[in-house]
Amino acid sequence: MTSKKVVELFYDVVSPYSWLGFEIICRYRNVWNINLKFRPAFLGGIMQGAGNKPPGLVPNKFAYMTKDLHRLANYFSVPLHPPADPFEVMFQKGTLSAMRFVTAVQHMETDGDKQVEQVSRELWRRIWSEDKDVTKPESFSEAAKKAGLSDDEIEKALELSTSQEIKDKLKRSTEEALNYGAFGFPMLICHVDGKPEMFFGSDRFELMANCIGEKWLGPNPDRSASRL
């Protein structure tokens, strides 16, 4: 078997499209011959650094996004239900503290990436399925508890998330995404023959598969493979 191609996923839990992309690439992690690396970053920093304007600030885009997310949630089988006030969640409260917490969990994890995956998923679930807070320490604790972290691990992650070390690490990840050419999330970087190939959004997996020499089997590859 050829060596696994490295695929980096840059994401922020403030982005519902990132949740969709996250779940799909997680499903394909053991279907495609890839080494998946999670890269939590700060979408606010990306938008500012790239000079981009969030779709939620364009009325027609925002109206379309609401319908689009409903269709995508059904297609990708992800329990995505926008919060009552998406504008407040995304643009007033934001997820800077949440992404620092995710970065702290990743920094602590020494055996694989299961904890950062589960914590990220639980934070997405809180915002985009349950309409719950993701700005307070107790919210991070609840998400981490559901993700399987121990009380000691949660306490350590909370403390670490406010440290300069973690703030700098999240900033570096955001800057690396910008250096790749990021202008929004999710962003996937496929390393092919020593060259990074960037794919933006949750609807480019068929093209990505072609790029890395794999097959796109639809949003639920295990189900699709069983029918072949």
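Quick note: residue numbers are just sequence positions, from 1.
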Backbone N/O of Asp222 and side chain of Asn220: donor-acceptor pair under 3.5 Å: no
Check: Ala73 main-chain N/O paired with Ser77 side-chain donor or acceptor under 3.5 Å: no
Backbone N/O of Leu158 and side chain of Ser161: donor-acceptor pair under 3.5 Å: yes
Spatial distance of atom CD (Glu23) from atom OG (Ser202) [nearest 0.5 Å]: 12.0 Å
Non-hydrogen side-chain atoms of Asn74 and His70 separated by less than 4.5 Å: yes
Closest non-hydrogen atom pair, Arg27 against Pro221: O-CG, 3.9 Å
Val58-Met47 co-clustered via ILVMFWY side chain contacts under 4.5 Å: no
Point-to-point distance, once rounded to the nearest 0.5 Å, from CZ of Arg204 to CD1 of Ile24: 14.5 Å
Check: Phe199 and Met187 side chains under 4.5 Å, non-hydrogen atoms: no
Intermediate values then yes/no, ring-ring contact (aromatic ring centres under 6.0 Å, His included), Phe38 and Phe22: CA-CA 9 Å; Phe38 296 116; Phe22 171 90; 5.4 Å; yes
Validation row, ring centre Tyr28 to ring centre Trp216 under 6.0 Å: yes
Lys145 with Asp151: basic N within carboxylate O range, under 4.0 Å: yes
Closest contact, heavy atoms only, Met198 versus Ala182: SD-N, 4.1 Å
Side chains of Trp124 and Ser129 in contact at under 4.5 Å (non-hydrogen atoms): no
Connected via hydrophobic side-chain network under 4.5 Å: Ile212 and Leu9: yes
Leu43 side chain reached by Ile46 side chain, heavy atoms, under 4.5 Å: yes
Under 3.5 Å donor-acceptor, Glu109 side chain and Lys114 backbone: yes
Path from Tyr64 to Leu80 over hydrophobic side-chain contacts below 4.5 Å: no
Side chain Ser139, main chain Thr135, donor-acceptor under 3.5 Å: no
Whether over 12 other heavy atoms sit under 6.0 Å from Asn60 CG: no
Minimal non-hydrogen separation, Gly45 against Leu178, with atom names: O-CD1, 4.1 Å
Test item: Lys132 and Ile127 side chains (from C-beta on) under 4.5 Å apart, heavy atoms: no
Minimum heavy-atom distance between Asn33 and Lys4, given as atom pair plus value: OD1-CG, 3.0 Å
Separation between CE of Met90 and CG of Asp85, rounded to the nearest 0.5 Å: 11.5 Å
Note: Glu117-Arg29 ion pair, threshold 4.0 Å (strictly below): yes
Rounded distance [0.5 Å steps], NZ in Lys136 versus OG in Ser97: 12.5 Å
Results of ring-ring contact (aromatic ring centres under 6.0 Å, His included) for Tyr75 - residues two or more places apart only: none
Residues Tyr17 and Asp68: side-chain donor-acceptor under 3.5 angstrom: yes
Asp193 side-chain N/O to Lys195 backbone N/O, donor-acceptor pair under 3.5 Å: no
Residues Cys190, Met208; criterion side-chain contact (heavy atoms from CB on, under 4.5 Å); working and verdict: CA-CA 8 Å; Cys190 300; Met208 195 175 89; 3.3 Å; yes
Ser173 (side chain) donor-acceptor with Leu170 (main chain) under 3.5 angstrom: no
Aromatic contact, Tyr11 with Phe185 (centres under 6.0 Å): no
Listed partners of Asp152 passing salt bridge (Lys or Arg N to Asp or Glu O under 4.0 Å), at least two apart: none
His191 side chain to Glu8 side chain, donor-acceptor N/O pair below 3.5 angstrom: yes
Donor + acceptor pair across side chains of Gln164, Asp168 (<3.5 Å): yes
Pairwise side-chain contact, Val102 with Phe140, heavy-atom cut-off 4.5 Å (strictly under): no
Test: Glu122 and Arg125 ion pair at under 4.0 Å: yes
Atom NZ of Lys169: over 12 foreign heavy atoms under 6.0 Å: yes
Set of ring-ring contact (aromatic ring centres under 6.0 Å, His included) partners for Phe42, sequence neighbours left out: none
Shared hydrophobic cluster for Val13 and Ile166 (ILVMFWY, side-chain gaps under 4.5 Å): no
Between CD1 on residue Ile25 and OG on residue Ser18, distance to nearest 0.5 Å: 13.0 Å
Same apolar cluster: Phe91 and Trp19, side chain cutoff 4.5 Å: yes
Check against side-chain contact (heavy atoms from CB on, under 4.5 Å), Lys37 and Val7: CA-CA 6 Å; Lys37 295 184 178 296; Val7 175; over 6 Å; no
Approximate separation, where rounding is to 0.5 Å, of Glu142 CD and Ile154 CD1: 10.0 Å
Glu130 atom CD, over 12 foreign heavy atoms within 6.0 Å: yes
Thr95 (side chain) donor-acceptor with Ala98 (main chain) under 3.5 angstrom: no
Heavy-atom side-chain contact between Trp128 and Pro82 under 4.5 Å: yes
Stepwise side-chain contact (heavy atoms from CB on, under 4.5 Å) test for Arg121 and Cys26: CA-CA 11 Å; Arg121 181 175 287 113; Cys26 283; 4.1 Å; yes
